Each structure stands twice: as structure tokens, then as C-alpha cells.
Visitor: 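This is the structure I have questions about; it appears just below.
For clarity, every value in this text was computed on a predicted model and none was experimentally measured. Protein chains get the first letters and strands the later ones, always in sequence-line order, with residue 1 at the start of each.
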Amino acid sequence: MPKQFWLVKSEPDVYSIDALERDGSTPWEGVRNYKARNNLRAMKLGDDVLFYHSNAKPPGVVGMARVWREAYPDPSQFDRKSGYFDGSSDPADPRWSRVDLAFVARLPRMVSLDDIKADPTLADMELLRYGRLSVQSVTRSQFERVRKMGGLK
DNA sequence: GCCAACGTTGGC
DNA sequence: GCCAACGTTGGC
């Protein structure tokens with residue numbers, strides 16, 4: 001399987017690129033949308049990930065991460081005290097998964113949603129077509145374009 | 001299986 | 001705070 005490329009969204013008030021840089025790596029938990037979950041399950045060790053701040057001013061890509069551990073059951077679905085608890089998930093066949101992501105780099109310049117919208121080569125990004133999906137696939141060329149716009153080689 | 005009602009996401 | 005664009009739920 002060749003390397004794949006992804007984009008994950010997080011509200012900076014909940015978990016920011018600063019937090020990921022501080023932590024080094026983190027479990028990416030709480031995804032409760034089937035399409036996003038399927039993307040998590042398709043991630044392979046070493047895949048590259050764009051880190052996007054949603055509900056930010058402005059929203060946009062702020063850094064890069066890497067898949068550090070492939071999908072495994074998300075414990076928060078069985079934790080009654082968690083906001084992500086899902087009482088209808090069967091412990092013998094857990095419905096929700098998480099991966100671990102590791103910090104790679106912060107972008108010297110954030111690539112805002114407006115920047116992405118203004119760039120013709122990024123017109124096909126899933127971000128613009130189906131904005132609500134919190135774990136998206138991106139192409140290699142989209143990934144490299146955003147990285148370059150963000151000031152990295 | 002349809003679909004109305006409701007809930008969530010996230011840009012603005 | 002509003003609301004468009006979804007996804008989910010549940011009655012039938």
C-alpha cells in the first residue's frame with residue numbers, strides 16, 4: 001500500500017496543534033461519524049496528516065502529523081463518564097475506532113480555508129465539497145501543495 | 001424502506 | 001447567534 005494522505009480537524013479550544021506539539025503524540029478519539037471512522041481504519045503507520053483548526057478565526061491548516069498507531073477500539077465509547085460514550089456499541093464488536101497521531105511540524109504560515117478556496121489546484125479538496133467530515137482523505141498533490149503554501153518544502 | 005423531525009458541524 | 005448541509009432516529 002503506497003503512503004496515503006489525510007486531513008483531520010480539531011477545534012483548537014478542544015485540542016490544538018500546540019497541544020499536539022506539547023504531547024508529542026495523542027490518541028485521536030471521539031470520532032462518531034461512520035465515514036470518518038472508515039477513514040481512520042484505512043490509515044496506515046507513517047501516513048501523512050494535515051492538521052486543521054476548525055471553528056477558529058480563521059479556520060485552516062496549521063500543521064502536520066503522522067499516523068503513529070493504526071486503528072484500534074476507541075475506549076471512550078465504553079466509558080459512561082465520557083461525552084463520547086455510546087451505549088449501543090457492542091464490546092465484542094466495537095463500533096468506533098481511534099488511531100494515534102504524532103506531531104511532525106507546525107506550518108510557518110497557516111493555510112487558511114480562504115487560501116485553500118482561492119487556490120485553483122485545491123478546488124477538488126473534500127474540505128470544500130463536504131466540509132463537515134472530520135477525517136478526510138487528501139491526495140499527494142493536495143498535501144504537498146498545502147505544505148508548500150504553509151512555508152515548508 | 002420511507003421520510004419527518006431532530007441533532008450536529010462548522011463557516012460566517 | 002444563525003443557518004446550510006448534512007447524519008441519525010424512530011414511527012409507520
Side-chain angles (χ1 to χ4, degrees), chain A residues 4-23 25-43 47-67 70-101 103-139 141-151:
Chain A
Q4 301 173 101
F5 301 87
W6 309 95
L7 179 148
V8 299
K9 292 191 204 171
S10 183
E11 300 190 27
D13 291 346
V14 177
Y15 196 84
S16 66
I17 190 73
D18 292 349
L20 183 60
E21 183 170 24
R22 178 195 67 219
D23 294 344
S25 69
T26 192
W28 204 256
E29 68 178 11
V31 170
R32 294 294 181 269
N33 169 284
Y34 287 106
K35 195 169 182 194
R37 180 206 68 181
N38 291 343
N39 284 336
L40 287 180
R41 289 182 177 178
M43 288 182 176
D47 281 356
D48 282 322
V49 180
L50 297 173
F51 195 105
Y52 180 94
H53 278 172
S54 61
N55 267 326
K57 292 174 185 172
V61 177
V62 292
M64 292 166 21
R66 182 163 291 138
V67 177
E70 294 179 6
Y72 57 104
D74 181 348
S76 66
Q77 68 196 303
F78 302 120
D79 178 2
R80 291 185 176 277
K81 295 192 288 280
S82 168
Y84 299 127
F85 177 71
D86 180 357
S88 62
S89 182
D90 177 2
D93 183 21
R95 179 175 297 174
W96 305 113
S97 301
R98 74 184 193 189
V99 299
D100 291 353
L101 297 181
F103 177 80
V104 171
R106 173 189 289 283
L107 290 183
R109 296 189 301 273
M110 96 173 286
V111 179
S112 72
L113 180 59
D114 283 345
D115 294 335
I116 291 170
K117 285 177 176 172
D119 190 300
T121 65
L122 297 176
D124 290 334
M125 277 189 77
E126 202 161 6
L127 188 67
L128 304 183
R129 292 189 289 110
Y130 178 24
R132 288 182 47 195
L133 189 62
S134 63
V135 183
Q136 310 184 357
S137 173
V138 301
T139 66
S141 64
Q142 288 164 352
F143 181 90
E144 289 177 352
R145 177 66 179 153
V146 171
R147 182 168 58 183
K148 191 174 170 191
M149 289 167 73

Visitor: Hey, does the side chain of Asp79(A) reach the backbone of Tyr84(A) with a donor-acceptor pair shorter than 3.5 angstrom?
Guide: no

Visitor: Let me know the distance between CE of Met125(A) and P of dG10(B), rounded to the nearest Å.
Guide: 14 Å

Visitor: Mind running a 4.0 Å heavy-atom check of residues 51-65 of chain A against DNA chain B and sending the residues that fall below it, in number order?
Guide: Tyr52(A), Ser54(A), Asn55(A), Pro59(A)

Visitor: Out of dC6(C), dT8(C), dG10(B), which nucleotide sits closest to the side chain of Tyr34(A)?
Guide: dT8(C)

Visitor: Between Asp86(A) and Arg95(A), does at least one N-O distance fall below 4.0 Å, as a salt bridge requires?
Guide: yes

Visitor: Given atom CG of Leu128(A) and atom P of dA5(C), what is their separation to the nearest angstrom?
Guide: 15 Å

Visitor: Got Trp6(A) and Phe51(A) here, is their nearest side-chain heavy-atom distance under 4.5 Å?
Guide: no

Visitor: So, OP1 or OP2 of dG7(C): does either fall under 4.0 Å of a side-chain N or O from Tyr130(A)?
Guide: yes

Visitor: Between atom NZ in Lys35(A) and atom C1' in dT8(C), what is the gap in whole Å?
Guide: 16 Å

Visitor: Hey, does the side chain of Gln77(A) reach the backbone of Trp96(A) with a donor-acceptor pair shorter than 3.5 angstrom?
Guide: yes

Visitor: How does DNA chain C read in dot-bracket, base by base from 5' to 3', with Watson-Crick or G-U pairs under 3.5 Å and | used when the partner is on another strand?
Guide: ||||||||||||

Visitor: Find the distance Arg37(A):CZ to dG7(C):P and express it as a whole number of Å.
Guide: 14 Å

Visitor: What is the distance, to the nearest angstrom, from the CD atom on Glu126(A) to the C1' atom on dT9(B)?
Guide: 15 Å

Visitor: Measure the shortest side-chain to side-chain distance between Tyr130(A) and Lys35(A) over non-hydrogen atoms and say whether it is less than 4.5 angstrom.
Guide: yes

Visitor: In this structure, how many angstroms lie between the P atom of dG10(B) and the NZ atom of Lys117(A), rounded?
Guide: 14 Å

Visitor: Asn33(A) CG to dA5(C) P: how many Å, rounded?
Guide: 18 Å

Visitor: Once you round it to whole Å, what is the distance between P of dG11(B) and CD1 of Ile116(A)?
Guide: 10 Å

Visitor: Would you call Asp48(A) and Arg66(A) a salt bridge, taking side-chain N to carboxylate O under 4.0 Å as the test?
Guide: yes

Visitor: Donor-acceptor pair, distance only, cut-off 3.5 Å: does the side chain of Glu29(A) make one with the backbone of Ser76(A)?
Guide: no

Visitor: Ignoring hydrogens and geometry, is there a side-chain-to-backbone donor-acceptor pair from Gln4(A) to Ala42(A) under 3.5 Å?
Guide: yes

Visitor: Just by distance, do the side chain of Arg109(A) and the backbone of Met149(A) share a donor-acceptor pair under 3.5 Å?
Guide: yes

